[in-house]
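What's counted below: heavy atoms across the whole structure, side chains too, no hydrogens, waters or symmetry copies. Just so we're clear, the structure is a prediction, and the values are computed from it rather than from any experiment.
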Amino acid sequence: LAQLLGGGKRFKATVVRKERGGGAKEKHPRKAADKLMVSLVSEDGTLDVAKEMLLAGLARLPKLHKVRDPAAKAVISKLMDFQDEARKGHEGMWEHGDPGDSDDEEPAPRAPAWGKKK
């Protein structure tokens, strides 16, 4: 990632959105902590970390129908072209097709019902 982003460059983080966590009442730490969504861009404005990671196939965008926030949907829509470019070029995680796409894989064998012999 450091090589991809030019080594020792300095980046500017801009907070795009803040989400309040559930605090101590939440059992899972992921839900308890506050979350910040940030945009990382080089100080000179030439590198955008999200764009570069998507182009290299190192990141993946969520499905648009799963995103509720209209502002987040707009950003994801703009970034979708970079992900599509990496997918078409078989970069990074897209090297062997879509991760999680099981079209070329055989379905897992079904386990017999409890108590029945094979």
Side-chain angles (χ1 to χ4, degrees):
L1 185 60
Q3 290 175 345
L4 176 71
L5 298 175
K9 282 194 174 191
R10 295 176 57 96
F11 288 86
K12 182 176 106 175
T14 305
V15 176
V16 176
R17 184 172 174 208
K18 295 179 184 181
E19 286 184 13
R20 302 281 299 155
K25 67 180 180 178
E26 290 289 343
K27 293 182 181 177
H28 196 283
R30 182 185 279 173
K31 293 181 180 178
D34 292 347
K35 294 179 188 176
L36 294 176
M37 294 176 148
V38 297
S39 169
L40 289 173
V41 180
S42 62
E43 285 184 338
D44 59 3
T46 58
L47 282 175
D48 180 349
V49 174
K51 174 185 160 190
E52 295 301 323
M53 288 183 70
L54 286 166
L55 284 171
L58 298 175
R60 183 179 186 172
L61 295 169
K63 306 269 187 215
L64 272 179
H65 69 274
K66 292 186 177 184
V67 179
R68 293 184 184 151
D69 182 24
K73 276 189 176 189
V75 171
I76 291 169
S77 295
K78 290 178 185 175
L79 292 172
M80 197 65 76
D81 292 337
F82 302 116
Q83 178 175 292
D84 291 341
E85 187 176 327
R87 182 183 290 144
K88 288 175 186 168
H90 298 281
E91 300 291 336
M93 73 173 80
W94 310 106
E95 181 178 1
H96 302 291
D98 287 354
D101 185 15
S102 59
D103 286 347
D104 353 298
E105 299 172 9
E106 293 180 21
R110 292 185 53 180
W114 186 81
K116 291 186 178 181
K117 294 183 181 178
K118 287 186 178 183

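In the hydrophobic clustering of this structure, F82 groups with M80; members are Ile, Leu, Val, Met, Phe, Trp, Tyr whose side-chain heavy atoms approach within less than 4.5 Å, directly or through other members. Hydrophobic clustering, with ILVMFWY side chains joined whenever heavy atoms are under 4.5 angstrom apart, groups V67 together with V75. Put simply, L40 and L47 are part of the same group of oily side chains (I, L, V, M, F, W, Y) that touch within less than 4.5 Å, one to the next. Clustering ILVMFWY residues whenever any of their side-chain heavy atoms sit less than 4.5 angstrom apart, transitively, puts L55 in the very cluster that holds L61. L58 and W94 fall into different hydrophobic clusters, where Ile, Leu, Val, Met, Phe, Trp and Tyr are joined by side-chain heavy atoms under 4.5 Å apart, directly or via other members.
Of the inter-residue distances, the one linking Q83 atom CD with E91 atom CD reads 13.0 Å to the nearest 0.5 angstrom. Within the model, atoms CG of D48 and CD of E52 stand 7.5 Å from one another, a figure rounded to the nearest 0.5 Å.
Sparse packing is recorded around NZ of K12, with 12 or fewer heavy atoms of other residues, nucleotides or ligands lying under 6.0 Å away.
Closest approach of K9 to T46, counting heavy atoms only: NZ-OG1, 3.5 Å. Taking all atoms of both residues into account, the shortest heavy-atom contact from L54 to A59 is CD2-O, 3.6 Å. When all heavy atoms of A86 and G57 are compared, the closest pair comes out as CB-N, 4.1 Å.
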